[in-house]
Amino acid sequence: MVGMPSVLPDGEPVPDDGALPRHALEGAADRPLGFYLHVPYCATRCGYCDFNTYTATELRGSGGALASRDNYAAHLIEEVRQARKVLGDDPRPVRTVFVGGGTPTLLPAADLVRMLASIKEEFGLAEDAEITTEANPESVGPAYLSALREGGFNRVSFGMQSAKQHVLKILDRTHTPGRPEACVAEARAAGFDHVNLDLIYGTPGESDDDWRVTLDAAIGAGPDHVSAYALIVEEGTQLARRIRRGEIPMTDDDAHADRYLIADEAFAAAGFDWYEVSNWATTEAGRCLHNELYWRGADWWGAGPGAHSHVGGVRWWNVKHPGAYAQALAEGRSPGAGREILAEEDRRVERILLELRLREGCPLTLLKPDGLAASRRALADGLLESGPYEEGRAVLTLRGRLLADAVVRDLVD
């Protein structure tokens, strides 16, 4: 589940032409390159959502004419062309493309295919490139999925969240129970080898048995990848306001931990292996390679309003509003709103934060003396695996995954 946060960080200005410092492309040939394409449209706003997305009502009267769905693909393709100019003679073909949102499948399938084709035209695609789109189960059908597959997409991720109607209602999800599972079958019939289902646990009013029903339904649908995320109640969302008013209860951390353990046990029994704290796959080929680019600090260009990018230690982010985004491109300017150049210490800390979440863990050589001492305590407390530790890597145990944030905080000291 990839999403663009609604609040942008501070940073230095991005040059009008988007030019990167020379050092950003040093050694680029040794790093994979991916593209994230953000489609910021949703039919309705889910109560828990804090992503940079917009409904038609929210766009009306605020630059909406420039930012309509009808001309969105053309704007995004223009940013892909800007990316080609900024990256110059960088010879790398694109290894992964991930179309997220929002609800990308509110656009015609032909628009998503056009966006992908622009990347192929400007950069080329690796022979085994992974091409993913997110999809709302109610916004696709067999014909739409077949058009995507024929247009070069080979992976699709459906937002299922829950199999229980009362849980979906709390989340303001519009699809009906059973539709995501049907989508998996339709995607398989269209020729997709790799299919993901996104699940959310810890919704107010959800019981352990509700969660087990959801897991059984998701596994029974036959995806080769499942993502399961604890619900985070973000300030400013409708869900946060309802909890603050006492309309619905907040789920406590112990319930979240119980649901995670239930999920991991169910996935393991069904042949899914965890490879990142919130992600399980039936095979190594089923892993989401695009997300692994993020977790391993590789290079990616994020195109679209509010999208974030990273190339060679330079991180930047685009203006949030679709109207402002379209205006910048129409004027031949980079839509970048700000950027930061990561110092070596920043990159070290980020590697620990991200790589520790992976099944392979992070090298102990990344740790400073205090962090190394903390890792020895974590090992003694059963939070790190002993075998990998002896080989020089910090790898979380199941209990360590439950306490991953706390373990990371100790190790980055």
Given 3.5 Å as the limit, does a donor-acceptor pair link the side chain of [X] with the main chain of [Y], or not?
X	Y	result
Ser309	Gly302	yes
Arg149	Ala190	no
Tyr72	Pro40	no
Glu355	Pro363	no
Glu138	Thr176	yes
Trp316	Gly336	no
Asn154	Ala129	yes
Arg188	Asp193	yes

How far apart are the closest heavy atoms of [X] and [Y], and which atoms are they?
X	Y	answer
Asp224	Val195	OD1-N, 2.8 Å
Gly312	Asp299	N-OD1, 3.0 Å
Val140	Glu186	O-OE1, 4.5 Å
Ser139	Thr103	OG-CG2, 3.9 Å
Ala303	Leu76	O-CD1, 3.8 Å
Thr397	Glu385	CG2-N, 3.6 Å

Salt bridge [X]-[Y], side-chain N to carboxylate O under 4.0 Å:
X	Y	value
Glu121	Arg84	no
Arg347	Glu350	no
Arg333	Glu331	yes
Glu265	Arg212	no

Starting at [atom1] of [X], measure out to [atom2] of [Y] and round the result to the nearest 0.5 Å.
X	Y	atom1	atom2	value
Glu12	Ile341	CD	CD1	5.0 Å
His321	Gln327	NE2	CD	12.0 Å
Asp90	Arg92	CG	CZ	4.0 Å
Glu122	Phe35	CD	CZ	9.0 Å
Leu354	Trp295	CG	CH2	9.5 Å
His308	Arg339	NE2	CZ	15.0 Å

Any residue meeting ring pair (Phe, Tyr, Trp, His ring centres under 6.0 Å) with Phe272, in chain and number order, not counting sequence neighbours: Phe267
Between Lys368 and Glu345, is the salt bridge (charged side-chain N to carboxylate O under 4.0 Å, His left out) condition met? List the steps. CA-CA 11 Å; Lys368 290 186 173 181; Glu345 176 62 9; 3.4 Å; yes
Any donor-acceptor N or O pair under 3.5 Å, side chains Asn318, His38: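 On atom types as modelled, these side chains do not qualify, holding no pair under 3.5 Å.
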Any luck finding a side-chain donor-acceptor pair between Ser375 and Tyr389 under 3.5 Å?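 A donor-acceptor contact under 3.5 Å links the two side chains.
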Would you call [X] and [Y] a side-chain contact if the rule is heavy atoms closer than 4.5 Å?
X	Y	value
Pro21	Val314	yes
Arg348	Ile352	yes
Phe153	Val99	yes
Val226	Leu215	no
Trp274	Leu398	no
Asp210	His166	yes
Thr96	Pro32	no
Glu181	Pro137	no

Quick one: side-chain hydrogen bond (donor to acceptor under 3.5 Å, both in side chains) partners of Trp280, sequence neighbours excluded?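 If we apply the side-chain hydrogen bond (donor to acceptor under 3.5 Å, both in side chains) test to Trp280, skipping adjacent residues, the hits are Asp264.
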I'd like to know whether Arg351 forms a side chain to side chain contact (heavy atoms under 4.5 Å, CB included) with Cys362, so could you lay out the CA-CA distance, the side-chain angles of the two residues, the decisive distance to 0.1 Å, and finally the verdict. CA-CA 8 Å; Arg351 281 194 65 188; Cys362 72; over 6 Å; no
Using the side-chain contact (heavy atoms from CB on, under 4.5 Å) rule, pick out the option among Asp413, Val408, Val407 that qualifies with Leu411.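 The residue from Asp413, Val408, Val407 that satisfies side-chain contact (heavy atoms from CB on, under 4.5 Å) with Leu411 turns out to be Val407.
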Only residue of Leu168, Thr214, Leu197, Thr203 satisfying side-chain contact (heavy atoms from CB on, under 4.5 Å) with Gln161 is Leu168
Please name the residue in the list Arg357, Arg359, Arg287 that meets the salt bridge (Lys or Arg N to Asp or Glu O under 4.0 Å) test with Glu276. Arg357
Output, in order, the C-alpha distance, side-chain angles, deciding distance and verdict of side chain to side chain contact (heavy atoms under 4.5 Å, CB included) for Leu148 and Phe192. CA-CA 9 Å; Leu148 289 180; Phe192 283 89; 4.0 Å; yes
Aromatic ring proximity His225/Tyr275, centre distance under 6.0 Å: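 Between His225 and Tyr275, the centre distance is under 6.0 Å.
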With ring centroids as reference points, do Tyr36 and Trp300 lie under 6.0 angstrom apart?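 No.
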Run the side chain to side chain contact (heavy atoms under 4.5 Å, CB included) test on Glu134 and Thr105 for me, step by step, so that the C-alpha distance in whole Å, both residues' side-chain angles and the decisive distance to 0.1 Å come before the verdict. CA-CA 7 Å; Glu134 293 181 330; Thr105 46; over 6 Å; no
Audit row: Leu87, Leu20, side chain to side chain contact (heavy atoms under 4.5 Å, CB included) steps and yes/no: CA-CA 8 Å; Leu87 296 178; Leu20 291 170; 4.0 Å; yes
